[in-house]
Amino acid sequence: AQPFSFVGPDKAPAGYSIDLCKRVIARIGEAVGNPGLKVNWVAGSVAERLQMVQSGKADLDCANTTQTLARLANVDFSSLIFVDAGSVILRADSPVNRIAELAGRKIAVLKDTTTEKRLDAIVRADLPGTRIVPVSEVKDGLVMLESGAVDAYAGDRIKLVGLAVQNMPGKFVLLTEELSFEPYAIGLPRGDSALRLEVNRALTQVYQSGEIETIFATWLGKLGRPTGLLAAMYLLNSIPE
C-alpha cells in the first residue's frame with residue numbers, strides 16, 4: 001500500500017503509516033518501561049490485518065485502513081492519521097470523463113476495501129451493466145487497466161495519484177470526481193483504553209511537534225503539500241493534555 005505501508009528496499013516495513021507506528025511503539029515502550037520493545041511486523045490484507053487485531057494476534061494495524069462504523073463493531077481505532085477520498089484512474093486515451101460514463105464498462109478495485117463497497121453501491125444504483133472486477137494486488141489492477149482488460153481502476157486518490165505520476169507517467173489520468181471519503185486510523189483491540197491513550201498521545205506529539213511535516217514530506221512530498229482538509233485533521237486530532 002505505497003506510500004503508506006509496504007516492504008522497503010531492505011525488506012523492512014516502510015511508509016507514512018509505518019513511520020507513525022514507529023513513534024507510537026516508542027511511546028508504548030516508554031509507558032511500560034521497556035524502550036527496546038521488540039516489534040514483530042506481520043503483513044496482511046485489510047481483512048487479514050483487522051482479523052489479527054480482533055483475535056489478539058496483532059496489537060496495531062499500521063497501514064491505510066479506513067475507520068468505519070462496521071469495523072468499529074470488531075476493533076477500535078486511534079485518532080485519525082490521514083484523510084483521503086476514493087476515485088478512479090483511466091488510460092490516458094480513455095474517452096471517459098465522468099464516473100457516470102463508466103456505465104456498462106469494467107472497473108477493477110482492490111477487494112475487501114471500503115472503496116469496493118462504495119463502488120458496488122454506486123454501480124447498483126447508477127451504473128447499469130457495469131462490472132466490478134476485484135483484484136488481490138494493486139499491480140494486478142494496473143496490468144489489467146494497461147492491457148485493456150478493464151476500463152478503470154478504483155482506489156484511494158492519494159495512492160492513485162502516486163501510481164499515475166510516479167510509476168507510469170503519461171499512461172494514466174485521474175478523474176476529479178470522488179467515490180468516497182476515507183478517514184485512515186490505526187486499528188486497535190477493542191476495550192484496551194490504556195493502549196489507545198498511549199497511541200493517541202504519541203500521535204498528538206507528532207502532530208504538535210511538527211514532526212508530521214517531515215514524515216509527510218518523506219512519503220508524500222512529491223505529490224505536493226497537505227490539503228487544507230488534511231492540515232485541519234492534524235490540528236483537530238492534536239488532543240490537549
Side-chain angles (χ1 to χ4, degrees), residues 1-6 17 44-51 61 63-74 80 82-185 187 220 223-224 227 229-230:
Q2 294 189 34
F4 293 94
S5 62
F6 59 98
S17 300
S45 66
V46 177
E48 290 169 343
R49 295 194 308 269
L50 292 176
Q51 176 58 37
D61 169 28
N64 60 324
T65 304
T66 299
Q67 178 178 206
T68 68
L69 291 175
R71 290 171 176 171
L72 278 168
N74 300 310
L80 297 185
F82 199 81
V83 287
D84 200 2
S87 189
V88 297
I89 55 173
L90 316 159
R91 290 187 305 280
D93 60 355
S94 174
V96 173
N97 293 298
R98 297 184 299 118
I99 290 175
E101 295 173 7
L102 288 170
R105 301 176 185 270
K106 297 178 182 178
I107 307 173
V109 63
L110 198 63
K111 66 180 182 180
D112 297 325
T113 59
T114 52
T115 303
E116 180 186 21
K117 294 180 180 178
R118 176 58 181 155
L119 180 61
D120 180 66
I122 291 174
V123 166
R124 285 187 282 109
D126 301 313
L127 299 177
T130 298
R131 178 185 168 193
I132 297 175
V133 183
V135 295
S136 299
E137 300 284 347
V138 173
K139 61 182 179 181
D140 297 335
L142 291 181
V143 169
M144 296 177 72
L145 178 58
E146 187 176 17
S147 68
V150 297
D151 301 286
Y153 177 79
D156 293 352
R157 176 179 291 275
I158 196 72
K159 290 167 61 181
L160 296 180
V161 169
L163 292 170
V165 174
Q166 296 177 340
N167 296 339
M168 298 181 181
K171 290 187 178 181
F172 302 131
V173 294
L174 177 72
L175 283 188
T176 57
E177 287 183 87
E178 298 176 350
L179 294 172
S180 60
F181 171 63
E182 308 289 342
Y184 295 173
L220 298 159
L223 306 180
T227 63
L229 178 62
L230 183 58

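On a predicted model such as this, the values are computed, not experimentally measured, just so you know.
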Exercise for review: Kindly write out the residues that satisfy side-chain hydrogen bond (donor to acceptor under 3.5 Å, both in side chains) with S45, not counting sequence neighbours, or none if the list is empty.
Suggested key: E48
Exercise for review: Decide whether E178 and S180 meet the rule of one side-chain donor and one side-chain acceptor closer than 3.5 Å.
Suggested key: no
Check your understanding: Ignoring hydrogens and geometry, is there a side-chain-to-backbone donor-acceptor pair from E146 to L142 under 3.5 Å?
Key -> no
Review point. Hey, mind stepping through T68 and L72 against side chain to side chain contact (heavy atoms under 4.5 Å, CB included) and telling me if it holds?
Key: CA-CA 6 Å; T68 68; L72 278 168; over 6 Å; no
**Study point:** Any side-chain heavy-atom pair of T114 and E182 under 4.5 Å
**Key:** yes
Review point. Where is the tightest heavy-atom contact between G141 and V150, given as atom of each residue plus distance?
Key: O-CG2, 4.3 Å
Exercise for review: For R91, check salt bridge (Lys or Arg N to Asp or Glu O under 4.0 Å) against everything at least two apart and list the hits.
Suggested key: D93
Point to revise | Min side-chain heavy-atom separation R49-T65 under 4.5 Å | key: yes
Check your understanding: Short question: side chain of T130, backbone of L102 - any donor-acceptor pair under 3.5 Å?
Key -> yes
Exercise for review: Not counting sequence neighbours, which residues clear side-chain hydrogen bond (donor to acceptor under 3.5 Å, both in side chains) with Y184? List them please.
Suggested key: D156
Practice item. May I have all residue pairs that pass side chain to side chain donor-acceptor pair (under 3.5 Å) and include part of residues 117-128, sequence neighbours excluded? Key: D120-R124
Review point. Do any N or O atoms from the side chain of S17 and from the backbone of A63 form a donor-acceptor pair under 3.5 angstrom?
Key: yes
Review point. Roughly how far apart are K159 NZ and F4 CZ, rounded to 0.5 Å?
Key: 8.0 Å
Revision key, fill the gap. Here the pair of heavy atoms bringing L90 nearest to A152 is CD2-CB, 3.4 Å
Review point. How many angstroms lie between CG in L145 and CG in D151, if you round to the nearest 0.5 Å?
Key: 8.5 Å
Practice item. Using modelled atom types only, decide if a donor and an acceptor are shared between the side chain of S5 and the backbone of A1 within a distance under 3.5 Å. Key: no
Check your understanding: Measuring from E137:CD to K111:NZ, what's the distance to the nearest 0.5 Å?
Key -> 9.5 Å
Review point. Just checking, is any N or O donor in the side chain of E177 or S87 under 3.5 Å from an acceptor N or O on the other one?
Key: no
Check your understanding: OG1 of T113 to CG of N64: how many Å apart, nearest 0.5 Å?
Key -> 9.5 Å
Review point. At their closest point, which heavy atom of L220 faces which heavy atom of P3, and how far apart are they?
Key: CD2-CG, 3.3 Å
Exercise for review: Using the test ring-ring contact (aromatic ring centres under 6.0 Å, His included), find all partners of F6 that sit at least two apart in sequence or belong to another chain.
Suggested key: W219
Practice item. State, with a plain yes or no, whether a side-chain heavy atom of L119 is found less than 4.5 Å away from one of V123. Key: yes
Review point. Is the backbone of I158 close enough, under 3.5 Å, to the side chain of D84 for a donor and an acceptor to pair up by distance?
Key: yes
Review point. Which pairs count as side chain to side chain donor-acceptor pair (under 3.5 Å) when at least one residue sits in residues 95-108, sequence neighbours excluded?
Key: none
Check your understanding: Got I99 and L127 here, is their nearest side-chain heavy-atom distance under 4.5 Å?
Key -> yes
Point to revise | For S136 against L110, the heavy-atom pair lying closest together | key: O-CD1, 3.5 Å
Revision key, fill the gap. Heavy-atom closest pair (P183 atom, V83 atom, distance to 0.1 Å) is CA-CG1, 4.3 Å
Check your understanding: Quick one: does R131's side chain get under 4.5 Å of I107's, heavy atoms only?
Key -> no
Review point. What do you reckon, are the aromatic ring centroids of Y153 and F172 less than 6.0 Å apart?
Key: no
Review point. For T66, does its backbone N or O pair with a side-chain atom of R71 as donor and acceptor, under 3.5 Å?
Key: yes
Exercise for review: Answer yes or no: is there a side-chain heavy-atom contact under 4.5 Å between V173 and I89?
Suggested key: no
